[in-house]
Amino acid sequence: MDALLDDKALEDTLAESLADLGPDTKTVSEDEFVEVVGGALEAVGGTLLFKMCVQNEGAGQHVAAASIGDGGNRQFLLLTLPTGGGHLKVETVSRSSNPVAGIAAAYAGLMDAFKAAA
C-alpha cells in the first residue's frame, strides 16, 4: 500500500473485496473465519496480528486484528464475524467501538519490540 488511505476509504475498499468471500449463513468455524480473513487481507496486502473468539453483547463472534502498511503508514483493522454466520465486518481500529480494537496497536507494538530484541 503506497499511500495512507483515510479510514472510511480503507473500510470501503475492503468491503468491496469481501462481496464474494463471506461464508454461508450457518455456524462459522474458526478455520472458515481464518479463510475469509486471509482472503480479505490478501486483497489489500494486510497482515494478521491475532484472532480470537469472544462473546459480544451475548453473541459469539470471531474477531481478528490486522495491520496494513509499515512504519508511520501502518493502519490497524478489526475484522469480525458472528459465529452464527453473517457478513464479515471490517473497520479501522480508530472507528471501531469493539473492546478488542484497543488491543491491536498494543499487540503490534509488542511484536515490534520482540522482533527488535531478537
Side-chain angles (χ1 to χ4, degrees):
M1 174 175 269
D2 294 329
L4 185 66
L5 294 175
D6 71 20
D7 291 348
K8 183 69 174 128
L10 181 58
E11 290 173 6
D12 290 346
T13 299
L14 281 166
E16 289 172 15
S17 70
L18 293 173
D20 297 326
L21 292 176
D24 297 333
T25 54
K26 59 179 175 61
T27 301
V28 179
S29 71
E30 183 175 353
D31 289 342
E32 290 170 317
F33 177 64
V34 168
E35 184 178 328
V36 171
V37 166
L41 293 176
E42 184 178 318
V44 295
T47 302
L48 179 67
L49 298 173
F50 63 84
K51 62 178 175 40
M52 63 179 67
C53 189
V54 299
Q55 291 292 314
N56 190 11
E57 298 178 9
Q61 185 178 66
H62 293 289
V63 179
S67 66
I68 295 178
D70 293 316
N73 287 335
R74 183 160 52 174
Q75 292 175 284
F76 297 103
L77 303 172
L78 199 66
L79 301 93
T80 56
L81 181 66
T83 56
H87 295 287
L88 181 67
K89 180 179 180 182
V90 180
E91 55 191 344
T92 57
V93 165
S94 62
R95 292 171 47 102
S96 177
S97 62
N98 190 305
V100 177
I103 301 171
Y107 182 87
L110 181 60
M111 292 299 100
D112 291 346
F114 283 151
K115 285 180 187 176

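Positions are given from 1 along the sequence.
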With a 4.5 Å cut-off on side-chain heavy-atom distances among I, L, V, M, F, W and Y, is there a chain of contacts connecting [X] to [Y]?
| X | Y | value |
| --- | --- | --- |
| Ile103 | Met111 | yes |
| Phe76 | Val54 | yes |
| Leu79 | Val36 | yes |
| Leu78 | Leu110 | yes |

What residue pairs, at least two apart or across chains, pass salt bridge (Lys or Arg N to Asp or Glu O under 4.0 Å) with a residue in residues 75-86?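 Counting only pairs at least two positions apart or across chains, no salt bridge (Lys or Arg N to Asp or Glu O under 4.0 Å) contact touches residues 75-86.
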In chain order, what residues pass the side-chain hydrogen bond (donor to acceptor under 3.5 Å, both in side chains) check against [X], with sequence neighbours excluded?
| X | result |
| --- | --- |
| Glu30 | Lys51 |
| Ser29 | Glu32 |
| Ser96 | Glu91 |

Sorted by first residue and then second, give each side-chain hydrogen bond (donor to acceptor under 3.5 Å, both in side chains) pair with at least one member in residues 102-113; sequence neighbours left out.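 As it turns out, the side-chain hydrogen bond (donor to acceptor under 3.5 Å, both in side chains) pairs with a partner in residues 102-113, which skip direct neighbours, are Arg74-Asp112.
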With the side chain counted from C-beta on, respond yes when Thr83 and Phe33 share a heavy-atom pair under 4.5 Å apart, and no when they do not.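 They are not in side-chain contact.
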Do you know which two heavy atoms are closest between [X] and [Y], and how far apart they sit?
| X | Y | result |
| --- | --- | --- |
| Ala104 | Leu49 | O-CD1, 3.8 Å |
| Leu88 | Val37 | CD1-CG2, 4.4 Å |
| Leu48 | Leu41 | N-CD1, 3.7 Å |

Distance-only donor-acceptor hits, side chain of residues 58-72, under 3.5 Å, sequence neighbours excluded:
| residue | atom | partner | partner atom | Å |
| --- | --- | --- | --- | --- |
| Gln61 | OE1 | Asn56 | ND2 | 3.3 |
| Gln61 | OE1 | Asn98 | ND2 | 3.3 |
| His62 | NE2 | Val28 | O | 2.8 |

